[in-house]
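Input: a single structure, listed below in C-alpha cells.
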There are 2 protein chains.
Amino acid sequence: MSQTSDIIRGHTETIILSRLLDHDSYGYEINKSIRDLTDGAFEAKEGTLYTAFRRLEQAGYIRSYWGDESSGARRRYYAITDEGRAFYDESCREWQRVKTMIDRLIGTEQA
Amino acid sequence: MSQTSDIIRGHTETIILSRLLDHDSYGYEINKSIRDLTDGAFEAKEGTLYTAFRRLEQAGYIRSYWGDESSGARRRYYAITDEGRAFYDESCREWQRVKTMIDRLIGTEQA
DNA sequence: CAAATTACCTCGCTTGTCAAGGTACTTTTT
DNA sequence: AAAAAGTACCTTGACAAGCGAGGTAATTTG
C-alpha cells in the first residue's frame with residue numbers, strides 16, 4: 001500500500017460527501033472532480049470509491065437512483081441526505097481538530 | 001474503529017519518529033508524550049505502538065537497545081537513524097501537501 | 001473497425017488498528 | 001502484609017478500508 005493511501009483513509013467518505021453538497025453526482029464525475037481539484041494528486045481507486053458509496057448509503061448519508069440517460073452509459077446518481085450533511089459537518093470539525101493535533105505532534109515546535 | 005483513528009492512520013510512524021528527534025526514548029514514554037502533547041486527545045494503543053516500532057525498525061528508521069535500569073521495569077529504548085530522519089522530513093512535507101489537498105477538497109471554497 | 005472513453009461492479013489480498021490477553025517488577029494504598 | 005495501581009514490555013486474532021485485477025456494456029474517436 002502506498003504511503004498516500006493510508007493518509008487518505010478516514011477522509012474518503014468526507015471527500016465524497018463534500019462533492020455532493022451542491023448537487024447530485026455520480027461515481028465517475030465525483031472521481032474526476034477529486035482529481036481535478038487536487039491537480040491529479042488524489043484519486044479514489046474504483047474499488048475504494050464504490051465500496052465507500054455502499055457504506056455511505058447503508059449509513060443513510062446518501063441516497064442513490066439511476067439517471068435516465070437517453071444516450072451514453074447509465075449512471076447511478078447519489079444525493080446527500082440530511083444525516084449526511086450532519087455527518088459531513090461533524091467530520092469537518094473533526095478534521096480541524098486532528099489537523100491541529102498532528103501539527104502539534106510532528107511540528108517543529110516540540111515540547 | 002473510531003473516526004479519528006482512521007485519520008491518524010498513516011501518521012503514526014511520523015509521530016513516533018518526531019518523538020525521537022531530540023533524544024532516544026522508549027514505548028511507554030513516547031506514548032505518554034503523545035498523550036500530553038495533545039491534552040489526552042490522542043493516544044496510541046499499545047498494539048498499534050509496538051507493531052509500529054517493529055515496522056520502523058525493520059525499515060531501518062529506528063534502532064533499539066535495552067536500557068540498563070538498575071531499578072524498575074526494563075525498557076527498550078529506540079533511536080532514530082539517518083534514514084529515519086530523512087523519512088521523517090519527507091513525511092512532514094507529505095503532510096503539508098496532504099493538508100492542503102484535503103482542505104481544498106472538503107473546504108468551503110468549492111469549485 | 002479498433003481503440004479509447006464513459007460508466008458501472010465484484011472479489012480477494014494486504015495492511016494498520018485494536019481489543020484482549022499475557023508477563024514481570026515496583027510503588028502506593030489499605 | 002496483602003491488594004491495588006502503576007510502569008513496562010509483548011503477542012494474537014479479528015476487523016475494516018484501500019486497492020489491484022478482473023469483469024460488463026455502451027458510446028465516441030481515430
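Chain letters run A, B, ... following the sequence lines, proteins first, then strands; residues in each count from 1. A quick note: this is a predicted structure, and the numbers were derived from the prediction, not measured.
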State which residues pass salt bridge (Lys or Arg N to Asp or Glu O under 4.0 Å) with [X]; sequence neighbours excluded, sorted by chain then number.
X       : value
B:Glu57 : none
B:Glu83 : none
B:Arg97 : B:Glu90, B:Glu94
A:Asp39 : B:Arg104

For [N], take OP1 and OP2 only and decide whether either is under 4.0 Å from a side-chain N or O of [X].
X       : N      : value
B:Thr12 : C:dT17 : yes
A:Thr48 : D:dA17 : no
B:Ser5  : C:dT17 : no

request  = Name all residues meeting the side chain to side chain donor-acceptor pair (under 3.5 Å) criterion together with A:Arg76; count only those two or more places apart in sequence or in a different chain, and write none if there are none.
outcome  =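 With neighbours one apart ignored, the set is A:Ser64.
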
[atom1] of [X] versus [atom2] of [N]: gap in Å, rounded?
X       : N      : atom1 : atom2 : answer
A:Asn31 : D:dG18 : CG    : C1'   : 13 Å
A:Phe42 : D:dC19 : CZ    : C1'   : 16 Å
B:Ile34 : C:dT17 : CD1   : P     : 11 Å
A:His11 : D:dG18 : NE2   : C1'   : 14 Å
B:Lys45 : C:dG21 : NZ    : C1'   : 17 Å
A:Ile7  : D:dC19 : CD1   : P     : 12 Å
A:Asp6  : C:dC18 : CG    : P     : 12 Å
B:Ile30 : D:dT7  : CD1   : P     : 16 Å

No-hydrogen, no-angle side-chain donor-acceptor test under 3.5 Å, B:Arg75 and B:Tyr77 =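 Checked: B:Arg75/B:Tyr77 side chains pair up, N/O donor to acceptor below 3.5 Å.
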
Under-3.5 Å N/O pairs linking protein and nucleotides 7-11 of chain C:
{"unit_1": "C:dA7", "atom_1": "OP1", "unit_2": "A:Tyr26", "atom_2": "OH", "d": "3.3"}
{"unit_1": "C:dA7", "atom_1": "OP1", "unit_2": "A:Arg75", "atom_2": "NE", "d": "2.6"}
{"unit_1": "C:dA7", "atom_1": "OP1", "unit_2": "A:Arg75", "atom_2": "NH2", "d": "2.3"}
{"unit_1": "C:dA7", "atom_1": "OP2", "unit_2": "A:Tyr26", "atom_2": "OH", "d": "3.0"}
{"unit_1": "C:dC8", "atom_1": "OP1", "unit_2": "A:Arg76", "atom_2": "N", "d": "3.1"}
{"unit_1": "C:dC8", "atom_1": "OP1", "unit_2": "A:Arg76", "atom_2": "O", "d": "3.4"}
{"unit_1": "C:dC8", "atom_1": "OP2", "unit_2": "A:Gly27", "atom_2": "N", "d": "3.4"}
{"unit_1": "C:dC8", "atom_1": "OP2", "unit_2": "A:Tyr28", "atom_2": "N", "d": "2.6"}
{"unit_1": "C:dC8", "atom_1": "OP2", "unit_2": "A:Tyr50", "atom_2": "OH", "d": "3.1"}
{"unit_1": "C:dC8", "atom_1": "O5'", "unit_2": "A:Tyr50", "atom_2": "OH", "d": "3.3"}
{"unit_1": "C:dC8", "atom_1": "N4", "unit_2": "A:Glu46", "atom_2": "OE1", "d": "2.8"}
{"unit_1": "C:dC9", "atom_1": "OP1", "unit_2": "A:Arg54", "atom_2": "NH2", "d": "3.0"}
{"unit_1": "C:dC9", "atom_1": "OP1", "unit_2": "A:Arg76", "atom_2": "NE", "d": "2.6"}
{"unit_1": "C:dC9", "atom_1": "OP1", "unit_2": "A:Arg76", "atom_2": "NH2", "d": "3.1"}
{"unit_1": "C:dC9", "atom_1": "OP2", "unit_2": "A:Arg54", "atom_2": "NH2", "d": "3.1"}
{"unit_1": "C:dC9", "atom_1": "N4", "unit_2": "A:Glu46", "atom_2": "OE1", "d": "2.7"}

Donor-acceptor pair under 3.5 Å, A:Arg9 side chain vs D:dG18 base =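 Result: no qualifying N/O pair found.
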
query = Any idea how A:Phe53 and A:Tyr78 line up, ring-wise: parallel (<30°), tilted (30 to 60°), or perpendicular (>60°)?
reply =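 Answer is parallel, since the angle falls under 30°.
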
